[in-house]
Amino acid sequence: MKKQTKTWTTLLLALFFGITVLAGCGGQAGQDSSTSGSAAGESGTQTQQMENTGQEQRTFQTPNGEFTITGVPKRVVGLSIQSLDSMVALGIEPVGMALPPTGVPEYLQEGLKNSTSVGDRREPNLETILSLEPDLIVVEDNYAGPIMDELKKIAPTISFRANSWQEAMEHHVLLGDILGKKDEAEAFVRDFEAKLDEVKQKTPGGVSALGMFLIGDAYSMWLDNSFVGSILTSLGADYALKQSMLTGEEMTEENKEYASESRFVKLNLEKLIELNPQVLFLMSKKDDLISEKMNGNPVWSKLDAVQNERTYEVDRNIWSRGRGPLAAKLIVEQAPSLLYPDVFKK
């Protein structure tokens, strides 16, 4: 962010909070606010009647500690695809959204048609967020660090990132609880798990599968405990790349960071040949398909998945970036017929 922009942001925030103080507003609690007492009930929330406002103060246990907020948020800004996915699943349209470079994911467009863009998810526009007067901001852990303090000055801010479908569903229930939609969130999770079990009971299992994408010319392969890896494993697939398989040489400092934060690693084509999955899910950009890029490569053509025409281009926003409940549901709808075509017909 340019220095001038940061200066204007600071001035705007200072003006905003100066007016708030003069008006005698009580304000709202931000991320990791401390509270006394223990969590009560299944929701893990603690409630306390506020003398000045008459609204409940509610405390939630999150992946990053306690989060306290007053009342039920009505104006929410989502700065991650996961949070936008979860809100759309709950029937809530955020007032603001941050997006990947490719824009609004197609599968979320209908639920976000009236939301205001606040810029790129890696560097959202703080002035635009401020102008929307949010009472909750939801951000992704990976991108929260540099702007977290500034976001908290605008509104209570919570951050998380799902690295498996189980985490995605836990976060969905958490966000649903915060937004007063816990019952709806829990119902979604029950339906998802029932569908997952229904599919798995019909599958013969045993097929080896791998999900991958490209970062430049680097082969980026999802691990078995990643979002897509956890779903394919739960569908009975023998996921081809497990972290325990990686050699010390392959676990570079960069790969250790990727494996910890996002659960993928960057490896060479020879490793892919070694793994040789029966089914390969390719998460490409629409205008730069991996299958077309690799067409004619003599090493690529040695893969069983390529020889047997079992490489599948899939929507990167759903299979890689989404990491939310709707994305998980769509993968469970799409993957069975690709993994087990003899059992599940398209």
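The nearest pair of heavy atoms linking P94 to M87 is CB-SD, 3.8 Å. Residues K302 and N276 come closest through the heavy atom pair O-OD1, 4.5 Å. Considering all non-hydrogen atoms of both residues, A98 and V118 come closest at N-CG2, 3.7 Å. When all heavy atoms of S117 and L99 are compared, the closest pair comes out as OG-CD1, 4.1 Å. The two residues V138 and F160 make their nearest non-hydrogen contact at CG1-CZ, 3.9 Å. Listed here is the closest heavy atom pair of R323 and Q82: O-CG, 3.2 Å.
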Worksheet item: Under the side-chain contact (heavy atoms from CB on, under 4.5 Å) criterion, do E257 and E254 qualify, and how do the steps go?
Response: CA-CA 5 Å; E257 183 176 350; E254 181 182 42; 5.9 Å; no

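In the displayed structure, E193 atom CD is contacted under 6.0 Å by more than 12 heavy atoms of other residues, nucleotides or ligands. Heavy-atom neighbours of K242 NZ from other residues, nucleotides or ligands within 6.0 Å: above the threshold of 12. More than 12 heavy-atom neighbours from other residues, nucleotides or ligands sit within 6.0 angstrom of CD on Q307. Within 6.0 Å of CD on E309 lie no more than 12 heavy atoms contributed by other residues, nucleotides or ligands.
In this structure, N163 CG and S226 OG are separated by 8.0 Å, a value rounded to the nearest 0.5 Å. Taking NZ from K271 and CD1 from I273, the interatomic distance works out to 12.5 Å, rounded to the nearest 0.5 Å. With values rounded to the nearest 0.5 angstrom, I81 atom CD1 is found 5.0 Å from N317 atom CG. The line from CD of Q334 to CH2 of W319 is 6.0 Å long, rounded to the nearest 0.5 Å.
Checked by atom type, the side-chain pair S284/E313 shows a donor-acceptor distance below 3.5 Å.
Residues F60 and I69 form a side-chain contact, since some pair of their non-hydrogen atoms from C-beta on lies under 4.5 Å apart. Counting only heavy atoms from C-beta outward, the side chains of T102 and K285 never approach each other to under 4.5 Å. Side-chain contact between E110 and V88: absent, with no pair of heavy atoms (C-beta onward) separated by less than 4.5 Å. At least one side-chain heavy atom of W165 sits under 4.5 Å from a side-chain heavy atom of L196. Counting only heavy atoms from C-beta outward, the side chains of L241 and L267 approach each other to under 4.5 Å. Using a 4.5 Å heavy-atom cutoff, the side chains of E167 and F227 are not in contact. Side-chain contact between D135 and R75 is present, with at least one heavy-atom pair separated by less than 4.5 Å. Annotation: side chain of L136 is in contact with side chain of L179 (closest heavy-atom distance under 4.5 Å).
Between the R310 side chain and the L339 main chain, a donor and an acceptor come within less than 3.5 Å of each other. A donor-acceptor pair is defined here as one N or O able to donate and one able to accept, closer than 3.5 Å; such a pair exists between the side chain of T157 and the backbone of A155.
Residues Y219 and V299 fall within the same hydrophobic cluster, defined by Ile, Leu, Val, Met, Phe, Trp and Tyr side chains chained together at heavy-atom separations under 4.5 Å.
Under the rule for a salt bridge (charged side-chain N to carboxylate O under 4.0 Å, His left out), the partners of E253 that lie at least two apart in sequence or sit in another chain are K256.
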All N/O donor-acceptor pairs, side-chain side in residues 201-213, below 3.5 Å, sequence neighbours left out:
from, atom 1, to, atom 2, distance (Å)
T203, OG1, K200, O, 2.9
S208, OG, Q278, N, 2.9
S208, OG, Q278, OE1, 3.4

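Of the candidates I231, V314, L326, I231 is the only one forming a side-chain contact (heavy atoms from CB on, under 4.5 Å) with I331.
For an aromatic pair to be called close, the ring centres must be under 6.0 Å apart, and W222 with F281 fails this.
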